[in-house]
Undergrad: 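Before I ask anything, let me first share the structure, which is written out below as structure tokens.
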Amino acid sequence: MARMARSLRQIIASMELEEKILAGAALLGALSVFMPWLSGEWLGAPVEHYSGFGFFHTFLGLGVFVCNLLILTLSLAPLAGIRLPWNRRQRAGMRLIAAIIISTLALAALSVLARLTFESTRMNIRFGVYVAIVCGIITVFYAWMRMQEILQSEQREHFMHPDDPGSVGVHPAGEHTFTPPPPPPPPPPPPAEEHRRHQ
């Protein structure tokens, strides 16, 4: 257990700040599904508390939970040495899509809960759904920002300045060509004494 905790601390320490915020928001978003989303009396039944997995919003809460776990997996697996079948750009795109789905599902759940509380005054919306919405918005922002950083870094790698010595250029057809170094300078002229001796 101590070894796992030490390795987990090393993984977290190796992450960039944006990655830490993104993973933290995804973790809190996954935990928010277990928090109360709705509470009150329904059709004369005793007061009950419903999490994101309960009542009429079960599938919405399940989608929020699965998408947050997907973001966590795509963020932490490469740092833990687990190879995934997607490259860095594909993982960033999948995280951005998952974050958008989380925000959409959380807002849809809030709409469902608002309709229920409008029809029954004894039902109240709880804080869990608001935590899911806030975490979804944070994951969208930081997933989009990381996606832009990855695209910019790939552009810098593919389009290096041609004047750099030993740089690799990009052929229009996509082939890499090596830029040769400049030719050596010409040899110096012969000394003046040799000209006098020939005369």
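Not measured: the values here are computed from a predicted model.
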Undergrad: Any link between L28 and L62 through a network of hydrophobic side chains (Ile, Leu, Val, Met, Phe, Trp, Tyr) touching at under 4.5 Å?
TA: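 Result: no, two separate clusters.
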Undergrad: Please tabulate, for the side chains in residues 128-142, all donor-acceptor contacts under 3.5 angstrom to protein atoms that are two or more places apart in sequence or on a different chain.
TA:
unit_1, atom_1, unit_2, atom_2, d
T139, OG1, C135, O, 3.1
T139, OG1, G136, O, 2.7

Undergrad: Which residue pairs pass the salt bridge (Lys or Arg N to Asp or Glu O under 4.0 Å) test when at least one of the two sits in residues 96-114, sequence neighbours left out?
TA: none
Undergrad: Please report the shortest heavy-atom distance between H57 and S51, naming the atom on each side.
TA: NE2-O, 2.8 Å
Undergrad: Side-chain donor-acceptor contacts of residues 67-79 below 3.5 Å, not counting sequence neighbours, with atom names and distances?
TA:
unit_1, atom_1, unit_2, atom_2, d
N68, ND2, V64, O, 2.8
T73, OG1, L69, O, 2.9
S75, OG, I71, O, 2.8
S75, OG, R95, NH1, 2.8

Undergrad: If hydrophobic clusters are built from ILVMFWY residues whose side chains come within less than 4.5 Å, do I150 and L96 share one?
TA: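 Shared cluster, no.
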Undergrad: Test of understanding: with side-chain hydrogen bond (donor to acceptor under 3.5 Å, both in side chains), list the residues that count as partners of R146, not counting sequence neighbours.
TA: E16, E19, E149
Undergrad: Tell me every residue that passes salt bridge (Lys or Arg N to Asp or Glu O under 4.0 Å) with E18, counting only those two or more places apart in sequence or in another chain.
TA: none
Undergrad: Looking at F59, I'd like to know if its CZ atom is crowded, meaning that more than 12 non-hydrogen atoms belonging to other residues, nucleotides or ligands lie closer than 6.0 Å.
TA: no
Undergrad: Distance-only, no hydrogens or angles: does the T117 side chain make a donor-acceptor pair with backbone N or O of A114 under 3.5 Å?
TA: yes
Undergrad: Kindly list each side-chain donor-acceptor pair under 3.5 angstrom involving residues 30-39, sequence neighbours excluded, with atom names and distances?
TA:
unit_1, atom_1, unit_2, atom_2, d
S32, OG, G29, O, 2.5
W37, NE1, S32, O, 2.8

Undergrad: To the nearest 0.5 Å, what is the distance between CD (Q90) and CE (M94)?
TA: 8.5 Å
Undergrad: Can you run down the salt bridge (Lys or Arg N to Asp or Glu O under 4.0 Å) pairs that involve residues 98-115, sequence neighbours left out, and say none if there aren't any?
TA: R115-E119
Undergrad: Which residues pass the side-chain hydrogen bond (donor to acceptor under 3.5 Å, both in side chains) test with S153, not counting sequence neighbours?
TA: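 Partners of S153 under the side-chain hydrogen bond (donor to acceptor under 3.5 Å, both in side chains) test: R88.
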Undergrad: Measure from the side-chain N and O atoms of E154 to the backbone N and O of L151, and report whether any donor-acceptor pair falls under 3.5 Å.
TA: no
Undergrad: Would you name the heavy atoms of A92 and M147 that are closest together and state the gap between them?
TA: CB-SD, 3.4 Å
Undergrad: Which pairs, with at least one residue in residues 83-118 and sequence neighbours excluded, count as a ring-ring contact (aromatic ring centres under 6.0 Å, His included)?
TA: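 Every pair satisfying ring-ring contact (aromatic ring centres under 6.0 Å, His included) with a residue in residues 83-118: there are none.
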Undergrad: Group every Ile, Leu, Val, Met, Phe, Trp and Tyr by side-chain heavy-atom contacts under 4.5 Å, then state whether L60 and F56 land in the same group.
TA: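 Per the 4.5 Å side-chain linkage, L60 and F56 are co-clustered.
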Undergrad: When clusters are formed by joining ILVMFWY residues with side-chain heavy atoms under 4.5 Å apart, either directly or through shared neighbours, do F65 and I101 land in the same one?
TA: yes
Undergrad: What closest approach, in Å, do A23 and M15 show between heavy atoms, and which atom pair accounts for it?
TA: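 Taking every non-hydrogen atom into account, CB-CE, 3.9 Å.
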